[in-house]
Every structure is written in C-alpha cells, then in structure tokens.
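Excluded from the calculations below are hydrogen atoms, water molecules and symmetry mates; all remaining heavy atoms, backbone and side chain alike, are included. Below, read A as the first sequence line, B as the second, and so on, with proteins coming before strands; counting in each chain starts at 1. From a predicted model like this one, the values you see are computed outputs, not experimental measurements.
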Amino acid sequence: MELRNVRRSFGGTEVLRGISLDVPDGSFTSLLGPSGCGKSTTLRIMAGLDRPDSGQVLMNGEEVSDRSATARNIAMVFQSYALYPHLTVAQNMALPLTMRELSRWQRLPLVGGLHGGTRQTRRAIQARVAAMAAMLDLTDLLGRKPGQLSGGQQQRVAVGRALIREPSVFLLDEPLSNLDAKLRTQMRAELSALHTRTGRSFVYVTHDQTEAISMSDQVALMLEGRIAQIGPPRTLYETPQSRAVAAFIGDHPINLVPVSLAPGQASGAFARCRPIGLTTPRTVVIGLRPEHLYLDPAGPLEGRLVGAEYLGAETVLTLKVAEDVEIRAVAPGDVTPPAPDSPLRLGFAPEHVHVFDADGGERLDLSLERAAA
Amino acid sequence: MKRSVTGTDTLALVGLLLGAAVVLLPFVWMVSLSLKPADEIFTRGVDLLPSRLEWQNYVDAFTQVDLARYLMNGVIVCGGILVFQTLFAVPCAFALAHRRFVGRQVIFGLVLAGLLVPFHVTAIPIFLGLAELRLINTYTALIAPFVASVFGIFLFRQFMARLPADLFDAARVDGLSETAIVWRIAFPLAMPAATAFAVFSVTAHWNDLFWPLIVVTDPDLATPPRGIVFFRDAEAGDNVGPLMAAAVIVTAPLIAGFLLAQRTFTRGIAAGGLRG
C-alpha cells in the first residue's frame, strides 16, 4: 500500500499537507505523532472511510481512492473497538464474512435457507469464527455480548473481527489506548506475535512512542500534517532528521541548547568543546539525550546541580550549565546525587551529539568533541 | 438504598395520587358501566360499583356490531402505518444523524418545522387528493396519509445521533452497505426509540376517530373508534352498556401493550432527548 502526496482539508484547515508513505507488504508500520497531527485521518484515507482531496492511494500499484474498504480488502480496529453491542461475540466476528460470502438473498432470515449452499456457507463461517476464537483465546466468550466483556477481551474481539477476513492490510487506530498499563504491555506482545504469525501488513496509529518503537519495522513520525521522518525505529532515535523529531522521540526529552560555533571553537556551555566538520561559523542547536550524558569528573560540560529526581532504576539530574540553560542527565539509580548546588561535570560521546540548524531545525552533519585540554 | 420520606415527598406523592385519580376516574367509570345491567346505568345515584356483573354487555358488544372486524381493521391500519413509518423514518433519521450531505441542516430544520404542523391543517387537501385518486373507502386512505412521520424521523434521529460514529465506520469496513448498516446495526440499536415510537404511533392511530370518520363510510373498513360510533347510530338507540363494553375492549390492547413495553418506552423517550 502506498500514499502519494495525499492532501486533505477540513473546512479550510489543511490536516494533511502532502503525505507520501510506502507500506511494504508484510511490514509493521507505525504512524506516530501527537494528537491532531493527522495520523488518524491518514489511516481513514487508507481504510477508504475518507477520500483525499488530492494525491493517490495505491495498492499493488493500482489507484484505489474510490474503492471501499471491502473492495480494498482492508480491515480496521478502532480505538473504541466499535463492537456491535446488540450482537454476540460470535456474531460480531461472523458479520464481515456473512456480508462477503452470502448474497443479499441468502442473508435474509427465512428466505435465505431456501437457497442451496446457504447452510454450508454458514457452517463454514461458524468454523472460521471458532478457529479465530481459539487463536485469540475467546472460545468461552463466543455467546456473550460485548457489554459483558472486559476491555482486553473487547480488544481481542475487535482484532478477531478484523483478522477473520484475512485482509491484505490491517489498520489499527490507537487500539491500546483504552487499556491499563499492564494489559497494554501484554497486548503489545500479542499484537507483535500476531503480526509475525499472519504475515500481513499492519499499519498502527499511536501517540505512544514506546508502542511505535517496540513493535514496528518502520515508524512514520507525523507532525502538523507532514511526515517529519520515516524509517526504522533505531534510525529515528539515533539520527533524527530535524530538531522536532529529536524533541518528540525519546522517553526523556532531549536537551536542546542553542550555541554559536566557529571552526575549532564552540561557545557558552560548550566552551570546552570543539566542533567536528565545521568550516564556517554558524549558530546551531545542540541536541543531547539525557541518557547519553554521564557523570565524568573530566567531562567538558560543567554545571551546578539544581535538582535530582529519583525514579528507582535511574535518577534524573538537572544541571544549570549557563545562565538560562539547564541540562538533564540520567544517572543510574544507585548513584547517590551530590548535595544541591554542588558543581558537577558531564561527559558525552561525539556520536551521540545531534546538531541542528538554529533557524530551519534540519540536521547538520556536525558533531562536538572535547577540546584537548 | 432507602431514604427517609420527607414532607415534600409526601406532598408530591399526594399530589400525584390525586392527579392519577382524576385521570383514572373516566376509565373506572367506563369499566364500571360496561359491567352494569341496563337498569342500573341510568339511575340517579352515582354507584361506582355495579350491584351484579352484567357480562351480557360484552356479548352484545361483539354481536350487535362486528367488533371483531373493527379490531382486525385496527390491527391492519395501525400495523400498516407503523411498518411504513418505520421503513421511511429509520433510514431518514440515520442519514440526518450520520451522513454528511448538502442541505442536511435545512432538511432537519424542515423536519422540525413539520413537527409544528397539526395533521388537521393538511387533512382537507389530503382528503381531496385521495378523492381525486378514488381511494376513499380503502385501507390505503386510512394508512397512506401517515406513512411519513416527521415525529418518527425526529425521535430516531435524536436517538441515533448519540450512537458512536465509529460503529458505522466499522460496519463500512466490514463490508456492510449503507442500507445494511441502517437495518442491521442502527435499527437494532435504536430499539428503545422504536418502542417509544411504536407506542406513540399505535396509540394515536388506534384511537383516531377524526380521519376514519372522514375517509371511511364502509362499515367493513371501520377502525375500532369508528366502529363504536355505530352503537350510537344503531336503531336500538343509546345502548350504553354494550357501548362501554366495546370501549373497554378497544382500549385494553393499548394498555396491555404499553405495560409490556413500559421500560423500553421510557428509555427511548429519555434517550431521544424529549425530556426537559
């Protein structure tokens, strides 16, 4: 499935500003972004529930913008699960098959039975529902109504209803956001396993970077209606293409410090550092992840401790390295932080330094290293 | 949880009981008269209870006029009206609640405006139209004018607007056509509204005397209230006992139906946004 330069506006507001996205067959692709970035709209366009104003939606190279979700053979799991409250679990899961495999007349309550083959088809559908229920551990719940199920069970029914058609693309819209933290971790593993087992393409919309990073082959980070960066999770974390991407990705917010650089000389908090690869002086923003800073008595970054936040496995230290510049660093939890206001030094590796243009925010092929004494 | 009955509660309760008594009195009187022997009906005193039960009134009600036939007509007419009203109102309501199209607001506005127009305003043009089509004295004349119910559209649309849109998107993804969504998903979920609407519709048309009196003169097509009128026209003069018995028989199905559907009915009204 592929999107080419898809645009969509709602009443004058441009929600999608040219989305191009390739979902390789069998991949697990995440659309990650804050709320309102257009990721759900993108998913709806992929599902055929919405149409792009311009641009193309391609499946196997064919334009499918005008086709319904069924014609595209796409299935979707909704954030609210959207189970039919008046149908049992079995009926919920059977409905997509009933609609596809029985004709209009065969579906009629009494008349349908007159048509030869209706009963066999119905029996085949029942068998597939039973098999899907067994796979998702729902066998005991087939006779229940959705209202009688827990959140996790409803979630599994929604997945079952979507998977039963054996769709070519499987879309999930924030499917875990209504579950509690523990169940979420468990469902994450189940969804990953399901992806491996079915081998279908999954497109997963989420605002939770942990979900996106832990499950995906590729993550498309969407910001303000554009794809800010697309690539394997590791690439997004290690080489963010812009300041905005760097700021979004990472459990601990990245430290972003504006600095003017000249060949051989950095300024401000980084005065003890030397730029690598710089030819002409320029103003940049240095990005350093808290988890890449370590306490080092000989480190180039010097500051005073303003705060220490103990989190069990780790301690987040906040240092004031210059007037108006605070930097956060993550130290292991067993480190006893020094008294407030005591001077500390931090070190970092040059490969962990991200340098962005101060105006445009795009990544620059530069780094910093400690200046020799 | 129990709570203590306060002074205001008692006052309210007494008020409600009085109100109920006032409303119930004519019914009690009707039932009482229907069971009184003919000589007791026109006595000067007011006796709420008959001295002996006169079941002959009920036998007369069925034998003097063709009451069974009228009841049957009532079922056909009310059933026909309800089926067609539902058939038209539910898809309309779904479209107004969950589809985006040009003029949706205007059409909904028209529906609301339609609620304000009493049927009697349009009765004469409709009668003339039916006369022109030579449909007077047919079931069609009794049913057709009511098949499009703005009240039904309004009630269903208010109820459906509260159903989550995701549900219908899910159905679209599952391969249901818009028609299938209406009847397989939206309609079953709107059952409380449907029940409420059915009670309103059946009560109104079962009890309606105005329209059958205008379009039907053939006794074979008379609806129950129209049929009761035949007692007065009967040559025997005012035959109050059997008349009241017939009235009881005609009212009973409605009361039974309402009692059966009571809970869903109130739920439908509450959810339909008709409550204050």
Side-chain angles (χ1 to χ4, degrees), chain A residues 10-11 40 43-44 46-51 67-87 91-104 107-109 145-147 154 157-158 160-165 167 169-175 178, chain B residues 83 86-87 90-91 93-95 97-106 155-156 158-198 261 263-265 267-268 270-272:
Chain A
F10 292 109
S40 287
L43 200 70
R44 289 176 60 85
M46 290 176 125
L49 291 170
D50 199 354
R51 287 180 187 201
R67 292 195 204 158
S68 70
T70 335
R72 300 178 191 193
N73 196 19
I74 276 181
M76 184 160 169
V77 172
F78 290 79
Q79 184 173 3
S80 59
Y81 314 142
L83 300 176
Y84 311 121
H86 59 298
L87 301 179
Q91 289 168 331
N92 261 285
M93 297 210 293
L95 190 59
L97 289 181
T98 313
M99 296 313 290
R100 188 175 64 183
E101 298 188 0
L102 291 175
S103 69
R104 186 179 293 261
R107 288 198 300 262
L108 286 179
K145 297 268 175 80
Q154 292 189 12
V157 177
R161 185 180 67 183
L163 275 179
I164 201 153
R165 288 195 273 140
V169 181
F170 187 53
L171 308 175
L172 300 105
D173 188 4
E174 309 232 6
N178 291 338
Chain B
V83 165
T86 313
L87 207 59
V90 171
F94 177 78
H98 284 283
R99 304 271 306 172
R100 302 279 168 274
F101 54 90
V102 182
R104 188 171 74 121
Q105 294 301 332
V106 176
L155 194 71
F156 279 112
Q158 294 305 88
F159 193 90
M160 286 180 184
R162 295 156 56 104
L163 298 175
D166 267 2
L167 216 49
F168 305 117
D169 280 340
R172 281 177 195 123
V173 173
D174 281 346
L176 277 74
S177 65
E178 294 299 305
T179 319
I181 291 174
V182 167
W183 295 111
R184 281 178 169 261
I185 310 292
F187 182 56
L189 291 176
M191 253 319 145
T195 314
F197 177 63
R263 186 169 300 214
T264 11
F265 174 71
R267 196 146 53 97

Check your understanding: What heavy-atom pair brings B:Asp166 and A:Ala82 nearest, and what distance separates the two atoms?
Key ->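 Closest approach of B:Asp166 to A:Ala82: O-CB, 3.6 Å.
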
Out of curiosity, [X] [atom1] to [Y] [atom2], how far, rounded to the nearest 0.5 Å?
X        : Y       : atom1 : atom2 : answer
B:Leu167 : A:Phe78 : CG    : CZ    : 9.0 Å
B:Asp174 : A:Tyr84 : CG    : OH    : 3.5 Å
B:Asp169 : A:Leu49 : CG    : CG    : 4.5 Å

Point to revise | A:Arg161 side chain reached by B:Val173 side chain, heavy atoms, under 4.5 Å | key: no

Can you tell which part of [X] gets under 4.5 Å to a heavy atom of chain B, answering side chain, backbone, both or neither?
X        : result
A:Ile164 : neither
A:Arg44  : side chain
A:Ser68  : neither
A:Arg100 : neither

Point to revise | A:His86 side-chain N/O to B:Arg184 backbone N/O, donor-acceptor pair under 3.5 Å | key: yes

Check your understanding: Which region of B:Ala165, side chain (C-beta onward) or backbone (N, CA, C, O), has a non-hydrogen atom less than 4.5 Å from a non-hydrogen atom of chain A, or is it both or neither?
Key ->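 Answer is neither: B:Ala165 stays 4.5 Å or more from chain A.
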
Revision key, fill the gap. Checked A:Gly48, A:Pro85, A:Ala158 vs chain B; the most non-hydrogen pairs under 4.5 Å come from A:Pro85

